[in-house]
Every structure is written in C-alpha cells, then in structure tokens.
There are 2 protein chains.
Amino acid sequence: MALGKDYATQECSIARALEIVGERWTLLVVRDALYGVRRYNDFLVHLGIPRAVLAARLQLLTTEGILEKRRYQESPPRDEYVVTDRGIALWPTLRSLGLWGREHFSETQLRAFRHAACGTELGPYGECPACGTVVPLPDVEMVPGPGLDPDPTNPVSRALLKPKRMLEPIETVPV
Amino acid sequence: MALGKDYATQECSIARALEIVGERWTLLVVRDALYGVRRYNDFLVHLGIPRAVLAARLQLLTTEGILEKRRYQESPPRDEYVVTDRGIALWPTLRSLGLWGREHFSETQLRAFRHAACGTELGPYGECPACGTVVPLPDVEMVPGPGLDPDPTNPVSRALLKPKRMLEPIETVPV
DNA sequence: ATCCTAGGTTCGTTCACTGAACCAAGATGT
DNA sequence: ACATCTTGGTTCAGTGAACGAACCTAGGAT
C-alpha cells in the first residue's frame with residue numbers, strides 16, 4: 001500500500017499481503033482476472049475504474065507476479081493480462097471475503113460457485129460437499145445468482161451472465 | 001471505501017465487503033482486535049496509525065457492527081472495542097490472506113496458529129488436521145514464530161509474544 | 001497546583017484518486 | 001489518400017484522504 005508510509009513496521013504476513021493487494025481497486029482487478037477478464041478495456045468498463053489507476057494496478061500486479069502480461073496478437077500488437085498461480089492463490093481469500101460480504105451485507109446471492117464435475121455448490125472453504133475435496137479453481141463453474149441484473153449495459157457484465165469456468169477468458173459479444 | 005465514489009456499480013459481494021473493510025488500515029485493526037487488542041492506545045502504538053485515522057476506523061467498524069464499544073470502567077470512564085461475531089467471521093479471510101502473504105512474500109513464519117485442545121497447527125482452512133474439524137476462534141492459540149522480533153519496543157508487541165488464545169484480551173505490562 | 005493517562009479533535013501538508021482530455025500505433029472504411 | 005475506429009495507454013488540474021504534530025478534555029495521582 002503506497003500512501004506515504006507502508007506497513008513495514010508490522011511484523012505480520014497479513015500486512016505484507018495488504019502492501020501488495022490492499023490498495024483501492026486492486027483486489028477487484030484480481031477478482032475480475034479470476035473471472036476471466038484479461039484485457040485493459042474489459043477491466044475498464046467492468047470496474048468503472050479511472051484509466052490511470054487501472055494502468056498502475058495492472059503494472060503493479062504484473063511486477064508482483066500476480067498477473068502476467070502476454071501478447072495475444074502481433075498486428076496490431078495487443079497484450080492481455082493473465083492471472084498467474086500466485087494470483088490464483090488469492091482465490092480462497094476472495095471467496096471468503098465475498099462470503100462474508102454476502103452473509104452480512106447482502107440480501108440476495110449474486111453468484112454461485114459449483115464443482116463443474118458434479119454440479120454441487122461449493123462449501124465455505126471452496127470444497128465440494130459431495131466429493132469431499134477442495135476443488136481447484138479451473139474446475140469451478142461460476143453461475144449467476146438471482147440477485148444479478150439480468151440486462152447489464154456493459155458487454156463484460158453481459159459475458160459474465162453465462163455460466164462459465166473460472167479463469168476461462170470471457171467472450172464479449174460486440175453489440 | 002470512501003474515496004469519492006464507492007463500488008456501488010459492482011454487483012458483487014466482494015465489492016460490498018471491500019466498501020466496509022477495504023480502506024487502508026481497516027483490516028489491520030480487525031486483525032489486532034482478533035488478536036485481543038481492545039484499547040485505543042494499544043491499537044495506536046501497535047499499528048503506528050495516525051490518531052485521526054484510528055478514531056475514524058474504530059467509529060466505522062463500530063457502526064458496521066464489527067466492533068462493539070463497551071465501557072470497561074466508570075471512573076474515569078473508559079471504553080474498549082471488542083470484536084463481535086461479525087468481526088470474528090472475518091477470521092477465515094484474514095487467515096487466508098496472511099497465508100498468501102507468507103507463502104509468496106515472506107521468508108519466515110511470524111506466527112503459528114494451533115488448536116488449543118490438542119496443540120496441532122491449523123491447516124490452510126483453519127481446520128485441525130488431527131481432529132478433522134474447523135476450529136472455532138476461541139479455541140485457537142496463537143504462538144510466536146521464528147521470524148518475530150524477540151524484543152520489540154512497544155508493550156503491545158511484547159504482550160503478543162506470549163502464546164495466547166485468540167480474542168482473549170492482551171496483557172500489557174507497563175514498564 | 002501540577003502532572004499524568006486515556007481517548008480523542010484540529011489543522012496544515014502531502015499524496016493518491018478522479019475524470020476528462022489527449023496521444024499513438026495499427027486496422028479499417030471510402 | 002484520408003479520416004475514423006480500436007486498443008491501450010499518458011497527462012493534468014482538482015479533490016479528498018492520509019499523515020503527523022499539536023492541542024484538548026476529563027478524571028486521577030503527586
């Protein structure tokens with residue numbers, strides 16, 4: 001976290017983690033990356049984040065090894081940001097944070113996460129109650145919940161209305 | 001998060017959660033509260049946080065039902081901030097965030113968490129590998145790890161050097 | 001009468017976030 | 001040939017939050 005002083009005096013790995021992902025917007029960028037968002041403009045329209053801040057966050061997440069900048073076409077040269085294993089490792093944190101937000105501050109469920117192999121909704125720790133194992137993120141399927149706006153204006157939210165695997169790139173359909 | 005605009009456009013319980021606990025310092029205050037820190041001055045010296053910011057965070061966490069302001073003596077009137085169930089519910093999030101920070105950005109283990117009943121170190125989801133159950137926070141014992149400064153200057157860090165139960169108030173010994 | 005403690009508030013400075021404008025390289029349309 | 005569009009940014013003035021030092025208050029203690 002970069003507001004003048006950091007948390008350096010904190011002898012604590014939570015503080016270390018927050019130095020990296022504790023700034024405003026950062027965790028939402030990672031969340032979107034786990035959802036399959038990869039491109040600058042998709043982050044931009046989905047998050048409603050100022051362009052300069054997005055550029056700074058993508059830069060920082062890349063240098064910290066949470067995202068990886070990767071050329072996906074040569075002409076014109078275009079890069080996408082793909083989440084790395086280090087970013088995927090943030091999934092339990094984001095999952096439990098979202099669970100907390102839903103249980104304490106939300107009325108309806110916005111998204112559900114299921115074990116793609118058997119369709120069972122995940123338990124609080126990301127485990128499949130039916131299979132009894134913790135489901136790796138590529139095997140998690142995200143499905144829209146009842147509280148989600150059925151007709152969002154931006155194409156990224158529309159792409160995220162369809163059930164999809166986590167990490168799989170989103171398919172934005174131009175109008 | 002209160003920087004002009006909020007995350008209101010985000011239809012996501014992660015964003016809701018971050019509106020509450022996503023501001024700078026907030027999660028560290030909650031962490032300290034779970035560790036057993038309860039008093040204004042103890043938060044102050046342990047976190048090195050500006051006084052005004054601490055007052056604002058304690059206020060917000062209280063109105064959001066994460067901490068509870070409670071009079072602990074009448075003369076002179078003194079209040080302490082005790083973490084509520086809603087705050088305790090943030091433990092899985094903080095635990096996984098700390099685990100991520102340690103695994104990816106830290107060399108040594110700073111603190112270990114054990115099942116007080118059997119002494120077994122907790123697994124990644126806060127479960128006791130020996131007992132096979134998720135350990136409720138009052139039954140978790142925090143013990144200092146090898147990476148911790150053995151002779152910190154402030155009394156709160158000194159109090160946290162001793163193994164102790166989570167949530168139990170810290171015992172600061174005046175010099 | 002003075003000092004100390006706990007828990008704040010006030011205030012000027014600094015710094016990050018915001019939003020709008022601008023920029024650039026390559027593709028595409030006419 | 002020229003303008004326009006798309007993608008992925010940078011620049012910049014204005015604003016609001018964080019910082020840290022100083023100050024304040026109520027009640028004990030010396």
Side-chain angles (χ1 to χ4, degrees), chain A residues 1-9 18-19 22-29 32 37-62 67 69-82 154-156 169-170 172-175, chain B residues 1-9 18-19 22-29 32 37-62 67 69-82 154-156 169-170 172-175:
Chain A
M1 224 153 183
L3 232 169
K5 300 294 168 295
D6 53 16
Y7 295 140
T9 56
L18 287 173
E19 284 178 16
E23 289 177 303
R24 185 159 160 76
W25 296 111
T26 305
L27 276 177
L28 293 182
V29 171
D32 269 17
V37 177
R38 295 186 169 187
R39 287 151 76 150
Y40 181 92
N41 263 298
D42 289 342
F43 286 109
L44 201 66
V45 305
H46 190 229
L47 293 173
I49 179 178
R51 308 178 76 92
V53 177
L54 176 58
R57 294 298 181 273
L58 290 174
Q59 163 83 49
L60 183 137
L61 287 171
T62 302
L67 300 180
K69 192 171 186 172
R70 167 191 300 174
R71 174 98 6 137
Y72 69 89
Q73 70 179 28
E74 288 296 336
S75 175
R78 291 285 182 262
D79 297 317
E80 61 184 0
Y81 295 89
V82 185
N154 77 76
V156 181
I170 61 170
T172 55
V173 283
V175 183
Chain B
M1 225 154 182
L3 231 169
K5 299 294 169 294
D6 52 17
Y7 295 140
T9 56
L18 287 173
E19 284 178 15
E23 289 177 304
R24 185 158 160 78
W25 295 112
T26 306
L27 276 178
L28 292 182
V29 172
D32 269 17
V37 177
R38 295 185 170 188
R39 288 151 76 150
Y40 182 92
N41 262 299
D42 288 343
F43 286 109
L44 201 66
V45 304
H46 190 228
L47 293 173
I49 179 177
R51 306 178 77 92
V53 177
L54 175 59
R57 294 297 181 272
L58 291 174
Q59 164 83 49
L60 183 137
L61 287 170
T62 302
L67 300 181
K69 193 170 185 172
R70 166 191 301 174
R71 174 109 348 150
Y72 69 88
Q73 71 178 28
E74 288 297 337
S75 176
R78 291 285 183 262
D79 296 318
E80 61 184 0
Y81 295 89
V82 185
N154 77 77
V156 181
I170 60 170
T172 56
V173 282
V175 182

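All chains are named by letter (A, B, ...) in the order of the sequence lines, taking the proteins before the strands, and each is independently numbered beginning at 1. Not measured: the values here are computed from a predicted model.
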Among side-chain atoms of A:Arg39 and A:Tyr72, is any donor-acceptor pair under 3.5 angstrom?
yes
Return the minimal non-hydrogen interatomic distance between B:Pro50 and B:Trp25, and the atom names on each side.
CD-NE1, 4.3 Å
Value in whole Å for how far the P atom of C:dA6 lies from CD of B:Gln73
10 Å
Taking every non-hydrogen atom, the tightest pair across A:Arg71 and A:Asp79:
NE-OD1, 2.9 Å
Quick check: does any side chain N or O of B:Arg24 sit under 3.5 Å from a backbone N or O of A:Gly22, one acting as donor and the other as acceptor?
no
Heavy-atom nearest nucleotide on DNA chain C for A:Ile49 versus A:Pro76: which residue maps closer to 5'?
A:Ile49
If the cut-off is 4.0 Å, is B:Arg24 near the phosphate of D:dC19, judged by side-chain N/O to OP1 or OP2?
yes
Taking CG from B:Leu60 and C1' from D:dA18, how many angstroms apart are they, rounded to a whole number?
15 Å
Which whole-number value in Å describes the distance from A:Leu54 CG to C:dG19 P?
14 Å
With heavy atoms under 4.0 Å as the rule, sort B:Tyr81 into base, sugar-phosphate or nothing.
sugar-phosphate
Could you check which of D:dG9, D:dC19, D:dG27 has an atom nearest any side-chain atom of A:Ala55?
D:dG9
Whole angstrom value for the distance that separates C1' of C:dC17 from CG of A:Leu28
15 Å
Would you kindly check whether a donor in the side chain of B:Arg78 faces an acceptor in the base of C:dG7, or vice versa, at under 3.5 angstrom?
no
For A:Leu61 against A:Val29, the heavy-atom pair lying closest together:
CD1-CG1, 3.6 Å
On DNA chain C, does the nearest nucleotide to B:Ala52 precede the nearest nucleotide to B:Asn41 from the 5' side, or the other way round? Give the residue.
B:Asn41
Taking N and O atoms by type only, does the side chain of B:Arg51 place a donor or acceptor under 3.5 Å from a partner on the base of C:dG7?
yes
B:Trp25 side chain: which of C:dG8, D:dA18, C:dT18 is closest?
D:dA18
Whole angstroms only, please: what is the OH-P distance between B:Tyr40 and D:dT25?
16 Å
Between D:dA17 (C1') and B:Glu23 (CD): distance, integer Å:
9 Å
How close or far is atom P of C:dT18 from atom CG of A:Leu44, stated in whole angstroms?
12 Å
Has A:Tyr72 got a side-chain N or O lying under 4.0 Å from the OP1 or OP2 atom of D:dG8?
yes
What does A:Val53 touch in the nucleic acid at a heavy-atom separation under 4.0 angstrom: a base, only the sugar-phosphate, or nothing?
base
Rounded to whole Å, how long is the line connecting atom CG of A:Leu67 with atom P of D:dG8?
14 Å
